[in-house]
Amino acid sequence: MRRREFITLLAVAAAAWPRIVRAQGTKIPRIGVLSPSRSEDASPNRVTLKAFVAGLRELGYVDGQTITIERELSEANADRLREAAAELVKHNVDVIVTLSTTAARPAKQATSLIPIVAIGMADPINDELVASLARPGGNVTGTTFLGPQLVTKRLQLLSEVVPQHSRVAVLWHPRAYSDRTMDGMVKEAEQAAQTLGMQLQFVPANSPEEITGTLSVIARDGVDAVCVFPSPMLFAEYSQIVSIVAEKRLPTIYAAGEGVELGGLMSYGANLADLARQTAPYVDKIVKGAKPAELPVQQPTKFELVINLKAAKALGLTVTRDFQLIANEVIE
């Protein structure tokens, strides 16, 4: 056989490999993705999911060829997420990947056998997903974005940009995480407000449909600024929130940079796309036989301050040069 013919034969064999694998009955890993999102195209959840898929691709996994990804999308509603999780369990997937704690908790309730890899958990211990970060001990592992622990820092940063900050509204989703985690966030915010000389007004939104009315109440009450608590539901509705607070001229700080990229004023927190990409190797390890109980939960090593100068100008705010220098990203 000539060298050129041999190379051509190899190329044809490589292209046909996934089909040959299926034909011979070799098992292709099936990954179930559980997302608290009304639509796969809902921004900014789309960015997180794309980053995770990109991370898999970097490890050689291609959906439909070397791996199969089944997506279950549901609103951030516990009952609907439990139903979606049950569907993935019924399909007997090899690994369930959840976007956030909100999806991880019903997934864990649905199965104690199928490994669960969670992207961007809030407080994995308080939310009873793992026994410890170093040794999860059950069928759940993944990454944490430490959002609840950064409440104090966000209020401090907000006070530096908004000179008149005595009255700050906190937009929160009371059922985003466990009662223990939510109570901890509220107490931390109250303690920070006392130190910073702020008066906090906690305003709940339990569904996307409540956001417009809630923010209208905030505006009528004459608050000086808004702090958006971490929440998968609120995260998925950043576009709506950004639009409303811009119309109401309310300076707002978000838990993730996606809010600023959509036109919001500022944010402080972990880069969720990076966390999603970092989660992919855990799926690879589990597919190859590793146990989630022995895979430590990964914590972010850096947090990003993002500021939008265009939004600041529209609100009549001046962002000092010193503040811009400490920002990780300045959008002009």
Side-chain angles (χ1 to χ4, degrees), residues 35-49 73-81 99-103 105 120 122 145 147-148 150-151 154-155 158 162 165 167-179 181-183 185-186 189 193 198-269 272 306 308 311 314-315:
S35 173
S37 174
R38 291 183 291 181
S39 166
E40 188 173 323
D41 293 328
S43 180
N45 274 325
R46 178 181 67 249
V47 177
T48 306
L49 183 55
L73 307 177
S74 178
E75 294 183 17
N77 174 290
D79 291 335
R80 292 174 183 170
L81 282 167
L99 272 63
S100 78
T101 295
T102 303
R105 294 179 72 199
F145 74 110
L150 303 178
V151 171
R154 291 192 190 100
L155 290 175
L158 184 63
V162 184
H165 62 270
R167 298 189 63 196
V168 176
V170 176
L171 178 64
W172 71 314
H173 177 200
R175 298 298 179 187
Y177 311 116
S178 68
D179 290 343
T181 296
M182 299 308 297
D183 289 345
M185 270 200 288
V186 170
M198 289 179 177
Q199 291 180 329
L200 295 185
Q201 177 184 348
F202 288 89
V203 285
N206 293 295
S207 68
E209 291 73 26
E210 291 185 13
I211 292 174
T212 300
T214 296
L215 291 176
S216 296
V217 170
I218 291 173
R220 286 199 302 269
D221 288 346
V223 298
D224 303 309
V226 178
C227 176
V228 180
F229 261 13
S231 155
M233 185 273 286
L234 296 177
F235 178 72
E237 299 299 324
Y238 269 3
S239 180
Q240 179 189 176
I241 295 170
V242 168
S243 176
I244 296 173
V245 296
E247 179 187 347
K248 308 291 185 184
R249 296 184 58 79
L250 292 170
T252 303
I253 187 166
Y254 301 83
E258 284 80 357
V260 185
E261 293 170 3
L262 288 166
L265 176 63
M266 60 192 296
S267 67
Y268 183 74
L272 295 180
V306 185
N308 188 324
L315 292 165

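All of these numbers come straight from a predicted model, not from anything done at the bench. Every heavy atom of this structure was used, including side-chain atoms; hydrogens, water molecules and symmetry mates were not.
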**Student:** Of all residues at least two apart in sequence or in a different chain, which pass the side-chain hydrogen bond (donor to acceptor under 3.5 Å, both in side chains) check with Thr252?
**Tutor:**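 So Thr252 forms no side-chain hydrogen bond (donor to acceptor under 3.5 Å, both in side chains) with any residue.
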**Student:** Taking side chain as C-beta onward, heavy atoms only, is Glu237 less than 4.5 Å from Ser231?
**Tutor:**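 When only atoms from C-beta onward are counted, Ser231 and Glu237 do not touch, as no gap falls below 4.5 Å.
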**Student:** Rounded to the nearest 0.5 Å, how far does CH2 of Trp172 lie from CG of Asn206?
**Tutor:**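 So the CG of Asn206 and the CH2 of Trp172 are separated by 9.0 Å.
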**Student:** Partners of Ser243 by side-chain hydrogen bond (donor to acceptor under 3.5 Å, both in side chains), sequence neighbours excluded?
**Tutor:**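 Result, side-chain hydrogen bond (donor to acceptor under 3.5 Å, both in side chains) vs Ser243: none returned.
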**Student:** Can you sort out the partners of Ala246 under side-chain contact (heavy atoms from CB on, under 4.5 Å), two or more places apart, ordered by chain and number?
**Tutor:**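 Partners of Ala246 under the side-chain contact (heavy atoms from CB on, under 4.5 Å) test: none.
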**Student:** For Ala256, which residues count as a side-chain contact (heavy atoms from CB on, under 4.5 Å) partner, sequence neighbours excluded?
**Tutor:**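 Scan of Ala256 (side-chain contact (heavy atoms from CB on, under 4.5 Å), adjacent residues dropped) gives Phe235, Tyr238, Glu258, Leu272.
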**Student:** Sequence neighbours left out, what passes side-chain hydrogen bond (donor to acceptor under 3.5 Å, both in side chains) with Thr181? Give chain and number order.
**Tutor:**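 For Thr181 the side-chain hydrogen bond (donor to acceptor under 3.5 Å, both in side chains) partners, ignoring immediate neighbours, are Asp127, Ser178.
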**Student:** Would you be so kind as to tabulate the donor-acceptor pairs closer than 3.5 Å made by side chains of residues 261-269, with sequence neighbours excluded?
**Tutor:**
none

**Student:** Mind checking side-chain contact (heavy atoms from CB on, under 4.5 Å) for Ala219 and listing every partner two or more places apart, or none if nothing turns up?
**Tutor:**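 Partners of Ala219 under the side-chain contact (heavy atoms from CB on, under 4.5 Å) test: Lys248, Leu250.
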**Student:** Which residues pass the salt bridge (Lys or Arg N to Asp or Glu O under 4.0 Å) test with Asp179, sequence neighbours left out?
**Tutor:**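 Partners of Asp179 under the salt bridge (Lys or Arg N to Asp or Glu O under 4.0 Å) test: Arg175.
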**Student:** Can you list the residues that meet the side-chain hydrogen bond (donor to acceptor under 3.5 Å, both in side chains) rule with Ser207, with sequence neighbours excluded?
**Tutor:**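 Here the qualifying residues are Glu209.
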**Student:** Less than 4.5 Å apart, any side-chain heavy atom of Leu81 and any of Pro36?
**Tutor:**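 In contact.
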**Student:** Applying side chain to side chain donor-acceptor pair (under 3.5 Å), which residue pairs with at least one partner in residues 217-228 are found, sequence neighbours left out?
**Tutor:**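 Pairs touching residues 217-228 that pass the test: Ser166-Asp224, Gln201-Asp221.
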**Student:** Kindly assign one of parallel, tilted or perpendicular to the pair Phe145 and Tyr177, based on the angle between their ring planes and the thresholds 30° and 60°.
**Tutor:**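 Taking Tyr177 first and then Phe145, their aromatic rings sit tilted (interplane angle of 30° to 60°).
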**Student:** Distance check, rounded to the nearest 0.5 Å: Ile244 atom CD1 versus Leu215 atom CG?
**Tutor:**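 That separation rounds to 5.0 Å.
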**Student:** Evaluate the side-chain proximity of Ile211 to Met233: yes if any heavy-atom separation is below 4.5 Å, no if none is.
**Tutor:**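 A side-chain contact exists here, since the closest heavy-atom pair is under 4.5 Å.
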